[in-house]
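To start, the structure under review is shown below, and the notes come after it.
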Amino acid sequence: MSEVQKQQAIIHISLVVNDYDEAIHFYVNKLGFELLEDSYQAEQDKRWVVVAPPGGQGATLLLAKASSAAQSAVVGSQSGGRVFLFLRTDDFGRDYHAYVAKGIEFVRAPSEAEYGTVAVFADLYGNLWDLIELKAGHSLYSR
């Protein structure tokens with residue numbers, strides 16, 4: 001008897017934010033993400049806010065407003081100061097220069113690595129992101 005192959009995917013990553021609208025402004029107007037949904041969930045008295053990079057086919061970001069002191073305490077440091085999210089681009093130079101022009105703070109300058117070009121930026125709360133363009137033929141799953 002053969003085993004059925006599972007097919008699963010991570011579809012959303014929750015990012016705890018201080019305010020829905022300031023987070024939407026940053027991700028949409030500064031990083032150029034698309035606002036996929038912004039709806040009110042009356043039964044939970046919260047908004048369901050989902051953003052994604054343009055042309056993205058992977059997981060989306062669920063912007064989740066902190067609703068307790070414990071949640072507020074992790075805004076900007078959900079990964080304990082490590083790079084938290086990895087944004088792959090098809091044109092590093094285009095996106096790097098556009099982000100710098102929009103005031104995005106890069107905390108680690110662009111560098112070349114065996115897998116591609118990478119720089120680290122901070123989002124509006126201080127979460128760290130890699131902006132990365134992979135070299136042709138390099139796997140997304142190794143680094």
Side-chain angles (χ1 to χ4, degrees), residues 4-143:
V4 175
Q5 180 68 32
K6 284 186 186 181
Q7 290 190 6
Q8 298 177 332
I10 296 172
I11 57 172
H12 303 299
I13 296 172
S14 264
L15 183 64
V16 182
V17 301
N18 286 331
D19 180 83
Y20 291 118
D21 294 323
E22 73 181 2
I24 291 169
H25 176 79
F26 178 83
Y27 286 101
V28 172
N29 296 330
K30 298 266 188 172
L31 294 186
F33 283 24
E34 297 171 358
L35 178 61
L36 302 179
E37 185 170 355
D38 182 0
S39 59
Y40 180 66
Q41 306 294 308
E43 64 280 359
Q44 296 178 328
D45 190 29
K46 67 180 182 181
R47 287 163 64 183
W48 182 260
V49 179
V50 180
V51 297
Q57 297 178 5
T60 63
L61 283 181
L62 173 65
L63 303 178
K65 184 178 176 185
S67 61
S68 69
Q71 290 176 13
S72 292
V74 301
V75 170
S77 187
Q78 286 184 223
S79 64
R82 292 189 60 128
V83 171
F84 178 47
L85 298 162
F86 298 78
L87 181 60
R88 184 182 54 82
T89 178
D90 64 339
D91 187 333
F92 182 89
R94 174 198 65 211
D95 293 341
Y96 174 78
H97 293 295
Y99 290 171
V100 168
K102 290 183 178 185
I104 302 299
E105 175 193 3
F106 278 83
V107 299
R108 200 170 311 139
S111 64
E112 293 294 325
E114 68 179 56
Y115 52 83
T117 306
V118 63
V120 178
F121 70 91
D123 69 14
L124 75 164
Y125 299 114
N127 293 299
L128 298 179
W129 291 65
D130 267 4
L131 175 64
I132 183 170
E133 180 180 358
L134 296 172
K135 288 183 179 175
H138 196 278
S139 170
L140 287 172
Y141 305 108
S142 62
R143 183 144 169 220

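Between Y27 and W129, the ring-plane angle classifies as tilted under the 30° and 60° cut-offs.
In this structure, the side chain to side chain contact (heavy atoms under 4.5 Å, CB included) partners of E133, at least two apart in sequence or on a different chain, are T89, F92. Scanning for side chain to side chain contact (heavy atoms under 4.5 Å, CB included) contacts around Q71 gives V16, A66, S67, S68, with sequence neighbours left out. Remark: D45 pairs with no residue by the salt bridge (charged side-chain N to carboxylate O under 4.0 Å, His left out) rule, at least two apart or across chains. D38 pairs by the salt bridge (charged side-chain N to carboxylate O under 4.0 Å, His left out) definition with R47, not counting sequence neighbours. Taking the side chain to side chain contact (heavy atoms under 4.5 Å, CB included) definition, one finds that E34 meets it with L36, P54, sequence neighbours left out.
No more than 12 heavy atoms of other residues, nucleotides or ligands sit less than 6.0 Å from atom CZ of R108. Taking a 6.0 Å sphere around CD of Q5, one finds it holds 12 or fewer heavy atoms contributed by other residues, nucleotides or ligands.
Rounding to the nearest 0.5 Å gives a distance of 9.5 Å between CD1 of I132 and CZ of R88. Here L63 contributes atom CG and L35 contributes atom CG; the two are 8.5 Å apart, rounded to the nearest 0.5 Å. Between the CG atom in L61 and the CG atom in L85 there is a gap of 6.0 Å [rounded to 0.5 Å].
The closest side-chain heavy-atom distance from L62 to V49 is not below 4.5 Å. You'll find the side chain of V17 stays beyond 4.5 Å of the side chain of V75, heavy atoms only. By the 4.5 Å heavy-atom criterion applied to side chains, V100 and F121 are not counted as neighbours. A heavy-atom distance below 4.5 Å is found between the side chains of V83 and F86. L128 has its side chain out of reach of S79: every pair of non-hydrogen atoms, C-beta onward, lies at least 4.5 Å apart. Side-chain contact between F33 and L87 is present, with heavy atoms from C-beta onward closer than 4.5 Å. For the pair D95/L131, a side-chain contact is recorded, criterion being any heavy-atom separation below 4.5 Å from C-beta on.
No donor-acceptor pair closer than 3.5 Å links the side chain of Y96 to the backbone N or O of P110. The backbone N or O of H138 sits nowhere less than 3.5 Å from a side-chain atom of Y115 that would complete a donor-acceptor pair. At distances below 3.5 Å, not a single donor-acceptor pair connects side-chain atoms of K46 with backbone N or O atoms of A64. A distance-only check finds a donor-acceptor pair linking the side chain of D19 to the backbone of D21 [under 3.5 Å]. The main-chain N or O of H97 is never found under 3.5 Å from a side-chain atom of K102 such that the two would form a donor-acceptor pair.
The ring-ring contact (aromatic ring centres under 6.0 Å, His included) analysis of residues 50-84, with sequence neighbours excluded, yields no pairs.
A pairwise comparison of heavy atoms in K65 and N18 identifies CE-O, 3.5 Å as the closest pair. Heavy atoms only, all atoms of each residue included: W48 and Q41 are closest at CB-NE2, 3.6 Å. In terms of heavy atoms, A59 sits closest to I10 at CB-O, 3.5 Å. Shown here for L15 and N127, the closest heavy-atom pair between the two residues is CD1-ND2, 3.6 Å.
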Exercise. Test L31 against I104 for side chain to side chain contact (heavy atoms under 4.5 Å, CB included), laying out the working first.
Key: CA-CA 8 Å; L31 294 186; I104 302 299; 4.0 Å; yes
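Between the side chains of E22 and Y125, at least one donor N or O lies within less than 3.5 Å of an accepting N or O.
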